[in-house]
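One structure is given here, and the rest of the page talks about it.
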Amino acid sequence: MTPQPPLGMLAELTHRCPLHCPYCSNPLDLVRREREMTTDQWRSALTQARELGVLQVHLSGGEPLARRDLPSLVSHAHGLGCYVNLVTSGLGLSEARMVDLARRGVEHVQLSVQAADEDRADIIAGARAAKHKKAAAAAIRAAGLPLTINVVLHRRNHDQLGALIDLAEEWGADRLELANTQFYGWAMRNRAALMPTRAQLDAAEPVVRAARQRLAGRVEVVYVLADYQDRHPKPCMHGWGARQLTVAPDGTVLPCPSAHVITGLRFDNVTERPLAEIWYESSSFNAYRGEDWMRDPCRTCDRRGVDLGGCRCQAFLLTGAAENTDPVCVLSPHHDVVEQAVVPVADVPFVMRR
Ligand code: SF4
Ligand code: FES
């Protein structure tokens with residue numbers, strides 16, 4: 001069956017970032033500045049993405065504001081007819097810069113927040129970042145743009161859930177994403193330190209429910225469940241190579257941001273092969289499309305159309321084979337690795353992203 005064209009592209013413009021969050025989903029082996037694509041190469045990648053069918057472009061990183069050519073890339077993506085979302089830590093986002101980016105075509109901003117108070121937020125970010133964020137949120141609102149605040153939840157900030165909801169309301173967010181950590185990249189490296197306890201997760205649910213009721217019609221509250229503590233896995237990426245592609249800073253094209261962990265796959269580069277060919281014909285994008293790749297128990301399971309066997313990267317990271325059932329699933333023969341991982345260990349220090 002011919003795949004549908006992609007709807008979205010995550011453009012990781014750079015891995016450079018002023019923050020050092022221990023849950024960063026970027027790879028441990030970060031792409032260095034000298035290997036980043038040039039402005040013309042990014043323009044070409046965006047043009048090809050639009051020709052392929054992409055409608056939403058998420059300009060991300062690292063910190064996309066670290067790229068001096070961000071304004072021209074925004075103009076280019078907007079000129080192609082794409083909806084442009086900026087994913088940022090807010091550091092360096094002055095009011096003038098935000099106005100300029102909005103004028104050029106940014107239509108939505110996702111701002112990360114690490115904790116509800118500055119001291120804790122700075123410890124988690126590994127930088128004195130928190131004091132800039134409120135001003136960044138104000139600049140986004142002043143530019144008339146919708147604001148999503150994104151908080152990655154983990155053991156060291158779960159207790160602040162109520163205060164984080166209050167902060168989002170106070171800062172004028174339209175949407176609040178409370179996302180339990182997904183364990184890839186640096187988050188996988190720090191899994192023991194980040195893993196929330198069962199008690200924290202149980203306490204969170206009524207807080208989120210009450211906030212949804214109280215803020216209905218004003219702030220959309222999205223709660224991303226803790227994957228490891230669920231019975232069945234998430235339908236990761238809505239399927240491999242199904243809706244979205246990721247372009248890494250050096251032009252590597254990935255079916256999902258973490259796919260580089262799957263060592264058996266060879267990933268193409270948009271500077272060497274046309275994007276459409278990569279999407280439709282490459283071995284990496286076709287590796288886990290559809291259901292033919294599935295092994296038991298997924299192969300014969302009634303839920304395979306619902307969760308698509310879970311996450312290929314997680315299956316690889318935890319079992320050594322991406323074709324295996326995601327071990328988050330209680331039916332996986334490897335489920336014990338997840339059961340062991342959720343057992344709390346005494347506090348271990350973060351390894352900050354460097
Ligand atoms: Fe989903 Fe596979 Fe588990 Fe069935 S066995 S619930 S398809 S992950
Ligand atoms: Fe790669 Fe789930 S993160 S498929």
Side-chain angles (χ1 to χ4, degrees), residues 3-4 6-12 15 23-29 58 60 87 150 152 177 179-191 194 224-248 252-268 278-279 282-339 341:
Q4 295 293 308
L7 293 171
M9 168 163 134
L10 178 68
E12 290 183 344
H15 280 161
Y23 51 73
C24 181
S25 62
N26 284 168
L28 299 183
D29 187 15
H58 308 279
S60 174
V87 183
N150 174 275
V152 175
E177 274 179 15
N180 280 291
T181 312
Q182 310 278 308
F183 295 107
Y184 309 101
W186 290 85
M188 185 65 181
R189 176 73 182 77
N190 283 293
R191 190 176 66 177
L194 294 165
V224 178
L225 294 171
D227 194 24
Y228 277 40
Q229 280 92 340
D230 236 342
R231 282 179 58 77
H232 297 298
K234 57 188 181 282
C236 199
M237 305 300 297
H238 304 285
W240 183 269
R243 294 193 191 174
Q244 184 159 313
L245 55 86
T246 295
V247 180
T252 305
V253 187
L254 301 163
C256 85
S258 303
H260 49 79
V261 296
I262 305 177
T263 49
L265 295 180
R266 183 191 166 279
F267 298 104
D268 292 286
I278 298 174
W279 177 261
S282 71
S283 56
S284 60
F285 273 78
N286 282 310
Y288 308 113
R289 278 186 170 134
E291 295 182 357
D292 289 351
W293 55 271
M294 286 183 180
R295 296 178 178 173
D296 281 331
C298 292
R299 201 165 56 83
T300 51
C301 177
D302 288 346
R303 280 184 58 90
R304 68 184 185 281
V306 178
D307 61 35
L308 315 163
C311 173
R312 306 288 42 87
C313 299
Q314 195 146 273
F316 182 85
L317 283 168
L318 299 183
T319 76
E323 297 81 2
N324 281 339
T325 294
D326 183 337
V328 160
C329 181
V330 289
L331 301 173
S332 159
H334 300 98
H335 184 59
D336 59 315
V337 298
V338 171
E339 287 179 323

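In listed order, ligands and their atoms are each counted from 1.
Panel note: side chain H334, backbone T319; no donor-acceptor pair is recorded below 3.5 Å.
Checked against side chain to side chain contact (heavy atoms under 4.5 Å, CB included), P297 has the following partners two or more places apart in sequence or in another chain: T325, L331, P333. Not counting sequence neighbours, the partners of D326 by the side-chain hydrogen bond (donor to acceptor under 3.5 Å, both in side chains) test are Q314.
Against a heavy-atom cut-off of under 4.0 Å, P233 is close to the following atoms of ligand 1: 8 (S).
Distances under 2.8 Å from atom 2 (Fe) of ligand 2 pick out the protein N/O/S atoms C236 SG, C311 SG.
More than 12 heavy atoms of other shown residues, nucleotides or ligands fall within 6.0 angstrom of atom CD in E339. Residue D29 places its CG atom among 12 or fewer non-hydrogen atoms of other residues, nucleotides or ligands, all under 6.0 Å distant.
Listed here is the closest heavy atom pair of P3 and W279: CB-NE1, 4.3 Å.
Protein N/O/S atoms nearer than 2.8 Å to atom 4 (Fe) of ligand 1 total 1.
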Side chain to side chain contact (heavy atoms under 4.5 Å, CB included) assessment of Q182 paired with V224: CA-CA 9 Å; Q182 310 278 308; V224 178; 3.7 Å; yes

Intermediate values then yes/no, side chain to side chain contact (heavy atoms under 4.5 Å, CB included), W186 and Y23: CA-CA 5 Å; W186 290 85; Y23 51 73; over 6 Å; no

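Inter-residue side-chain proximity for E12 and V247 is flagged as unmet; no heavy-atom pair is nearer than 4.5 Å.
Ring geometry for Y288 against W293 counts as perpendicular: the plane angle is over 60°, on a 0 to 90° scale with 30° as the lower cut.
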